[in-house]
Amino acid sequence: MAVSGPQEAVGTKGTEISYEEKIADVNARLAAACTPADSLAPLYNLYDLSYGRDSGNAVGWVLLETAIRADDETVALDVLRNMANYNMRNDSILSLVLEQAKKFPASNDRTHTITFIRIIQNNSRALYAAPEVREKQLQNFLQQLSLNPPTDLYERIVLLYAVCINLSEFANGDLLTDYLQRLGELIEEADPENHALRNVFNVWAGMIYTKVEKPSLAIDASLKLLGEIDMLDERNAQMGRIYRNYDANRYIVYTRILQNYEALSEADIEKYHRLALEMVARNSRAAKTYHNAPVPSIFYYYSKKDYTRTFNLIDNHLDAINQSFGKRKLLKMYMESARAIGRQDALLNASALYCRELEEDLENRQQERYRELQVLYDVNDMKIRNLRLKEEKQGAQKAMWRTVTIVCALLLLALFIFTLILIRLNRRRALLARKLEKSNNDLAHQRDSLRKANEELKEARDVASRANQIKTDFINNMSHEVRTPLQAMTEYAAIIADNAEDTHRQYMRDFADRLLLNCQMVNTIVDDVLQLAELNNSSLIIKQNLFSSKPICDTAADAVRRRLQPGVELRVEADDFIFRTDRHRLLQILNNLLTNAVKFTSRGTITLACTKNETARTVEFSVTDTGIGISPSDSEIIFERFHKLDSSAPGAGIGLTIARMIARLMGGDLILDKAYAGHGARFLLTLPYDF
């Protein structure tokens, strides 16, 4: 709790015993405990004895874990509150304690604990932060409080407490008092069982009200704090916490009450002075504090107008009087006492000190007033901005409602029009329904007709399929049948030429060459037809291997050289490199292209070129001739099967078709170069480099 502190070295009956004896007693009780629940009281006492020592946190975590194992949520949350109070300067431990509290099931005690820890956190961040950080924190809290205040009571308490604690570091005027009173009203609305919250508020309120010289409010907060301390004593006795007492805290509260003697009766002054001296008699911390600065007796004797004792007490402890006990006020009492007993020397010295205190106080008050006005200005500015935002929001809402009204009116009009359209559409639908019925009947009739036609098409397809198969078989059979007589004719022609008389040998040789040429042409046509059938059946197999490019080009060129017409030159311009391909199929394509070029080139040159494209990873072949050329509009027609631009030219018109089909089967393509601007034509064959 906020009033907790180091424990006195007293036993249950006030007998003075040593710290080591207490530790031994607690350890003996802890060793005798059989269950986690039995261990709670000894651990609590060990924690109380460790308060303010290095082992305090370690004992606290053990006590928390034991309370959780004992399924005692009340003790666990109380431990977390004690640890938060003990570590109020350590933000990392406060954050860890807060996370532990959030893990417990929802309850009033959990809410109280989380609220208390968050207040301690905000208090730590305000007291130990740099001034510019506190100022920024205050601005953020004020903005939230003014523009977006939370609806939850405990959230409002946490926020308002943060405003008060940050504001107290800048100004101690009426603005702080106003916020403090609002915070007190909120705390009165909170659960009466939330003692931790009331405790920390009353401690802080008593200090602030004393500082701003509001004695009645300071005494009221101090009396409420004493009530909380009495409640804590009763609770600790019930829990077996024999080493926990709050005498030092009571001494501070009695001292603060006597500081506000103006609002006390003579009987109350006597009472609280007596109680303060009782705390001094039985508590070493209180005795030490009183020995350094006997503030309760100073205020007591001054209220009794016993100026001699007042003067002597202040004179003996003037240097030790702390600012928190109202140094300026004590100096004024010292001056009045010195004047009353005729101590002019002391009066002169005290007057000088008092003047310096007044100057400092005046400067501080001016700065505080400036800061307070600045805060008020910022708050009012935020309120004005908030009002403007609200006005803008209201204006936007009005505009939105006008727009909504117009839209609704338009929608109603559209709905009316839509209704009329629906009526007309309904009538049209009825008409369409009748037409649809008639159409359905017609469609049913057409469906039957289509079904019949479909059956007929299936029969026709089957007939065509059988005819196609018959055609394929016929081509294969005829090709084989034609090859045999062609072979015989070739051999007979050679025999005739060899056996002719010398006078007729040349004539017979020319005749045999023509016969051989025509046999080769017929054989080529047969081969092309067979190849086309093989390509159509997708039965052609590509066999890959590594080959050199230039020997392939030379072989293809050599195969057609003897067919060149007089005056035509065949050139080979090929780079020499190794690539993967099907040599036989590549030679077949090149042979078709070169044969085609030889056929239509009567003069000039035919050039076979080969290059490698590293970027595209392709091999590019080109066959360029200076023949009759091909129109760009025929660039695709020439690749259609059995299509010939010149019907008188020899051949079946399927050479280019076969060449393109093989090229694409090899992963490449064959096209006519429409961009070729020279005389004649150029074909481009592109194949993959790593096919």
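Here the structure is a predicted model, which is why all the values come from computation and not from measurement. Computed from heavy atoms alone, side chains included, the values below leave out hydrogens, waters and symmetry copies.
Pro150 and Leu159 get closest at one heavy-atom pair: CD-CD2, 3.6 Å. Pairing each heavy atom of Leu570 with each of Ala557, the nearest pair is CD2-O, 3.4 Å. When every heavy atom of Ile114 is checked against every heavy atom of Ala101, the shortest pair comes out as CG1-CB, 4.0 Å. Nearest approach of Val598 to Gln565, heavy atoms of both residues: O-NE2, 3.4 Å. Contact between Asn613 and Thr615 at its shortest, heavy atoms only, is OD1-N, 3.1 Å. The two residues Val97 and Trp61 have their closest heavy-atom pair at CG2-CH2, 4.2 Å.
Ring geometry, Phe639 versus Phe683: the interplanar angle exceeds 60°, so the pair is classed perpendicular (tilted spans 30 to 60°).
Judged by distance alone, with hydrogens and angles left aside, the side-chain atoms of Thr595 form a donor-acceptor pair with the main-chain N or O of Asn591 at under 3.5 Å. Asn87 contributes no side-chain N or O that, together with a main-chain N or O of Asn90, makes up a donor-acceptor pair within less than 3.5 Å. Using modelled atom types, one side-chain atom of Asp625 and one backbone atom of Ala681 make a donor-acceptor pair closer than 3.5 Å. Remark: side-chain polar atoms of Arg660 are paired, donor with acceptor, to backbone N or O of Leu670 under 3.5 angstrom. Between the side chain of Ser549 and the backbone N or O of Asp575 there is at least one donor-acceptor pair closer than 3.5 Å.
Looking only at side-chain heavy atoms (C-beta outward), Thr601 and Thr626 come within less than 4.5 Å of each other. Between Asn545 and Arg583, every side-chain heavy-atom pair lies at or beyond the 4.5 Å cut-off. In this structure, the side chains of Arg585 and Ile589 stay at 4.5 Å or more apart for every pair of heavy atoms. Annotation: side chain of Leu80 is in contact with side chain of Phe104 (closest heavy-atom distance under 4.5 Å). Put simply, the side chain of Asp582 does not reach to within 4.5 Å of the side chain of Gln544, judged on heavy atoms. Side-chain contact between Ile552 and Phe547: present, with at least one pair of heavy atoms (C-beta onward) separated by less than 4.5 Å. In this structure, the side chains of Ile606 and Leu564 come closer than 4.5 Å at one or more pairs of heavy atoms. Side chains of Leu672 and Leu684 form no contact here, defined as non-hydrogen atoms less than 4.5 Å apart.
For residues 140-151, no pair satisfies salt bridge (Lys or Arg N to Asp or Glu O under 4.0 Å), with sequence neighbours left out. Sorted by first and then second residue, the pairs that involve residues 405-426 and meet side chain to side chain donor-acceptor pair (under 3.5 Å), not counting sequence neighbours, are Asn426-Arg429. The side chain to side chain donor-acceptor pair (under 3.5 Å) analysis of residues 671-684, with sequence neighbours excluded, yields the pairs Thr624-Arg682.
The line from CG of Leu77 to CG of Leu64 is 9.0 Å long, rounded to the nearest 0.5 Å. Rounded to the nearest 0.5 Å, atoms CD1 (Ile93) and OG (Ser124) are 11.0 Å apart. In this structure, CG on Leu94 lies 10.0 Å from CG on Asn123, to the nearest 0.5 angstrom. The line from CG of Leu96 to CG of Asn57 is 10.0 Å long, rounded to the nearest 0.5 Å. For the atom pair Thr403 OG1 and Leu410 CG, the distance stands at 10.5 Å (nearest 0.5 Å). The CG atom of Leu687 sits 12.5 Å away from the CZ atom of Arg664 when rounded to the nearest 0.5 Å.
Checked against side-chain hydrogen bond (donor to acceptor under 3.5 Å, both in side chains), Glu614 has the following partners two or more places apart in sequence or in another chain: Lys612, Arg617. Taking the side-chain hydrogen bond (donor to acceptor under 3.5 Å, both in side chains) definition, one finds that Arg110 meets it with nothing, sequence neighbours left out. Under the side-chain hydrogen bond (donor to acceptor under 3.5 Å, both in side chains) criterion, Asp576 pairs with Ser548, sequence neighbours left out. In this structure Ile417 satisfies the side chain to side chain contact (heavy atoms under 4.5 Å, CB included) test together with Leu413, Ile421, sequence neighbours excluded. Qualifying salt bridge (charged side-chain N to carboxylate O under 4.0 Å, His left out) partners for Glu620, counting only residues two or more places apart in sequence or in other chains: none. Every residue two or more places apart in sequence or in another chain that forms a salt bridge (charged side-chain N to carboxylate O under 4.0 Å, His left out) with Asp91 is listed here: Arg125. Every residue meeting the side-chain hydrogen bond (donor to acceptor under 3.5 Å, both in side chains) condition with Gln121, not counting sequence neighbours, appears here in chain and number order: Ser95.
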Enumerate donor-acceptor pairs with a distance under 3.5 Å from any side-chain N or O in residues 443-454 to protein atoms, sequence neighbours excluded.
unit_1 : atom_1 : unit_2 : atom_2 : d
Asp448 : OD1    : Arg451 : NH1    : 3.2
Ser449 : OG     : His445 : O      : 3.1

Please set out all donor-acceptor pairs under 3.5 angstrom arising from side-chain atoms of residues 430-437, sequence neighbours excluded.
none

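Within a 6.0 Å radius of CZ in Phe577, other residues, nucleotides and ligands contribute more than 12 heavy atoms. Within 6.0 Å of atom CZ in Arg561, more than 12 heavy atoms from other residues, nucleotides or ligands are found, so the atom counts as buried in its surroundings. Shown here is Asp71, whose CG atom has no more than 12 heavy atoms of other residues, nucleotides or ligands within 6.0 Å.
Among Ile630, Thr657, Asn596, the one residue that satisfies the side chain to side chain contact (heavy atoms under 4.5 Å, CB included) test with Ile638 is Ile630.
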- Task: Apply side chain to side chain contact (heavy atoms under 4.5 Å, CB included) to Leu685 and Leu586, showing your working.
- Result: CA-CA 10 Å; Leu685 170 63; Leu586 176 56; 3.7 Å; yes
